[in-house]
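Below, chains carry the letters A, B, ... as their sequence lines are ordered, and counting in each starts from 1. It should be emphasised that the depicted structure is a prediction, and the values quoted were computed from it without experimental measurement.
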Protein chains: 2
Amino acid sequence: MDTEYPKNPRRSSGRVTLADVATLAGVSPITVSRALKRPDMVTDKLRQKIDKAVKTLGYIPNQAARSLVSSETKIISVLFPSLSNSVFSSLLDGIYNTLTPAGYKMLLTNTHYSSVQEEELIETMLEQNPDGMILTGIDQSDSARQRLMNIGIPVVQVMELGDNPIDINVGISQFDAGYAMTEHLIQKGHRHIGFIGARMDNRTQRRLQGYRQALIDHSLPSEDYISTSFAHTSFQAGAELMVKLVSEHNQIDALFCSNDDLAAGAIFECQRRGIKVPQQLAIAGFNDLEIASAISPRLTSVAIPRFEMGQKAAQCLLDRLQDKPCPTHIDVGFKIVPRESS
Amino acid sequence: MDTEYPKNPRRSSGRVTLADVATLAGVSPITVSRALKRPDMVTDKLRQKIDKAVKTLGYIPNQAARSLVSSETKIISVLFPSLSNSVFSSLLDGIYNTLTPAGYKMLLTNTHYSSVQEEELIETMLEQNPDGMILTGIDQSDSARQRLMNIGIPVVQVMELGDNPIDINVGISQFDAGYAMTEHLIQKGHRHIGFIGARMDNRTQRRLQGYRQALIDHSLPSEDYISTSFAHTSFQAGAELMVKLVSEHNQIDALFCSNDDLAAGAIFECQRRGIKVPQQLAIAGFNDLEIASAISPRLTSVAIPRFEMGQKAAQCLLDRLQDKPCPTHIDVGFKIVPRESS
DNA sequence: CTGTTAGCGCATTCAG
DNA sequence: CTGAATGCGCTAACAG
């Protein structure tokens with residue numbers, strides 16, 4: 001009785017395969033494949049037998065094998081600088097809700113605002129053979145840009161518009177938005193307008209540049225009232241930066257905060273210190289998060305259609321994947337929302 | 001001149017493969033494979049040639065092919081009920097930051113608080129052959145539970161502890177936490193304690209049950225001062241529910257909100273209406289988000305180690321994948337954080 | 001409508 | 001230390 005049956009030549013994963021289903025249903029594997037993918041290509045009778053076999057065995061298709069054949073993965077990889085910033089939550093929601101009905105899955109990664117980490121993550125992601133990629137901002141490293149352009153999958157850069165997109169670009173001009181909010185404060189009659197910012201990533205920097213330019217264009221002092229920190233954004237940071245700036249320059253009558261968290265933190269601190277907003281100090285934020293319309297006093301902010309931006313980014317990717325026409329440059333716009341705080 | 005060379009028999013993806021690298025480097029594919037995975041198994045000289053060829057060609061390993069062979073994907077799928085709720089952002093951060101250094105990627109999905117959607121998503125995710133799975137809460141459908149137990153991959157249920165876990169369970173008792181906060185308010189001398197809740201998902205329901213039980217145990221009215229809504233949680237909802245409840249029962253002297261967003265919304269509205277917190281109305285939240293310690297007055301809340309919970313969930317998964325010992329039941333605990341609002 | 005053949009890209013045998 | 005053969009699970013192409 002020699003071992004004619006191989007010892008264990010099969011490195012099988014132990015999972016139920018198409019072949020197992022085929023055996024049980026008494027058909028060939030390809031028929032099972034067809035019954036699952038294009039049911040109308042198979043007789044009712046066979047299809048029922050197959051469906052039954054699938055259920056009995058608890059068969060689950062193996063996407064890796066499919067991808068290997070089709071070189072399609074139905075995976076989109078999404079690279080965000082932070083997973084806990086609510087600005088990105090809405091974006092993510094828009095992306096997810098668009099991708100999922102189309103049968104795509106989302107591989108999400110966190111670059112921690114580092115273009116070095118981003119570059120590494122792009123490499124790792126490419127090993128997954130994603131059908132497309134969504135990146136945040138326009139400041140990827142040169143080699144990452146190059147890499148992506150060579151690969152040939154659709155890529156969306158989202159949040160901010162630039163002159164030299166990798167492929168598709170969906171966002172707004174952060175500079176213009178910073179400029180517009182500053183002008184709003186000027187029009188409200190303020191002449192000593194401060195700026196506080198945390199994290200100071202590239203987008204925040206460009207908001208700051210917009211602020212500076214607006215002040216210059218209106219012949220107002222543009223460098224005196226700026227207080228920034230590389231610490232991460234928080235209510236706490238908003239409170240601290242506000243206190244610092246106002247105590248150093250008590251003539252400041254308005255404060256442009258680089259986002260709503262800082263602004264809300266500043267307002268909370270003003271309440272504690274009895275500083276009247278906006279009578280003694282006008283305060284404006286950025287992003288128009290839900291808190292802006294809820295806080296008391298309600299916060300003037302820059303509204304950006306974050307959810308829609310996510311949807312559009314994802315939709316462009318999908319269009320491109322189906323060879324549908326799709327613009328490569330979408331300005332989703334922003335809006336100054338004046339409220340009680342300014 | 002007959003077409004001896006096949007028309008296009010090769011369905012190649014066009015991507016650079018291991019074989020291409022091998023040809024250029026003048027070695028066999030397996031040597032390239034080894035040079036990449038276990039560099040020490042290959043001569044320096046060959047390795048250098050190979051590395052060079054990899055760079056020249058821009059070779060990217062194909063994870064689908066690897067997975068097919070190894071039946072390992074290095075993918076963990078994570079199912080959350082919401083992507084925009086900041087409670088889950090911290091969880092996600094903890095999970096991501098633990099998985100990534102270990103070489104795992106994260107496939108993230110949104111169940112929208114629906115166990116039907118969750119069940120479908122679990123099926124879809126299983127097609128990806130994830131090495132492990134992280135689910136939110138303990139209320140999966142029976143068939144989903146069954147499915148997961150049969151598959152045999154490690155599964156973590158996170159956020160809340162239950163009696164009958166699928167596999168690993170990391171969280172707290174929502175009931176106990178609701179009970180504890182209610183007792184805190186009682187100890188502060190309040191006798192007419194209201195409860196407002198939105199979304200009313202299972203975890204919120206169990207907090208409410210804790211609230212009820214605490215009132216019963218202290219012989220206080222437990223059904224009169226409850227106002228809930230199935231709308232999603234928001235500052236706005238907090239304001240509305242508070243107004244409704246207080247106007248219907250003006251004897252209410254304390255309000256337990258099912259989360260911090262509702263509580264903050266209630267506080268903002270109190271500020272608008274000149275209701276003094278906590279003198280006229282004490283307010284407590286749940287989750288201890290950053291806003292709790294920032295808002296004025298600072299908000300009493302229930303602190304849960306969300307980030308650590310994510311880390312632990314992910315770590316258990318990793319341990320299990322490496323056959324390391326790992327507890328299957330981890331109570332991460334909660335803490336009442338008394339602040340100015342109560 | 002169904003089956004046969006072959007190959008996607010890689011890594012695990014087992015030899016040399 | 002390196003290579004040849006083989007198969008992971010599935011589906012496109014081409015019969016029948």
Winner on side-chain proximity to B/Ser28, out of C/dG3, D/dG3, C/dT2, is D/dG3
Looking only at C/dC8, C/dG3, C/dC10, the nucleotide nearest the B/Thr17 side chain is C/dC10
request  = For D/dG3, take OP1 and OP2 only and decide whether either is under 4.0 Å from a side-chain N or O of B/Thr31.
outcome  = yes
Can a side chain N or O of B/Arg66 be found less than 4.0 Å away from OP1 or OP2 on C/dA11? yes
Judged by nearest nucleotide, the residue sitting upstream toward the 5' end of DNA chain D, B/Val42 or A/Ala19, is B/Val42
Rounded to whole Å, CG of B/Leu68 lies from P of C/dG9 at a distance of 12 Å
Axis-to-axis angle for the helix from C/dC1-D/dG16 to C/dG16-D/dC1, ends of five pairs each, to 10°, equals 30°
Which pairs would a plain distance check flag for residues 27-41 of chain A, meaning a side-chain donor or acceptor within less than 3.5 Å of a matching protein atom at least two apart in sequence or in another chain?
| from | atom 1 | to | atom 2 | distance (Å) |
| --- | --- | --- | --- | --- |
| A/Ser28 | OG | A/Thr31 | OG1 | 3.2 |

Applying ring-ring contact (aromatic ring centres under 6.0 Å, His included) to B/Phe88 and not counting sequence neighbours gives B/Phe80
Given the options B/Glu308, B/Met159, B/Met309, B/Gln157, B/Val170 meets side chain to side chain contact (heavy atoms under 4.5 Å, CB included) only with B/Met309
(request) For A/Pro61, answer base if it contacts any base atom (sugar-phosphate contacts may also be present), sugar-phosphate if it contacts only those atoms, and nothing otherwise; contact means non-hydrogen atoms under 4.0 Å. (result) sugar-phosphate
_Over all strands shown, is B/Leu18 touching base, sugar-phosphate only, or nothing at heavy-atom distances under 4.0 angstrom?_
sugar-phosphate
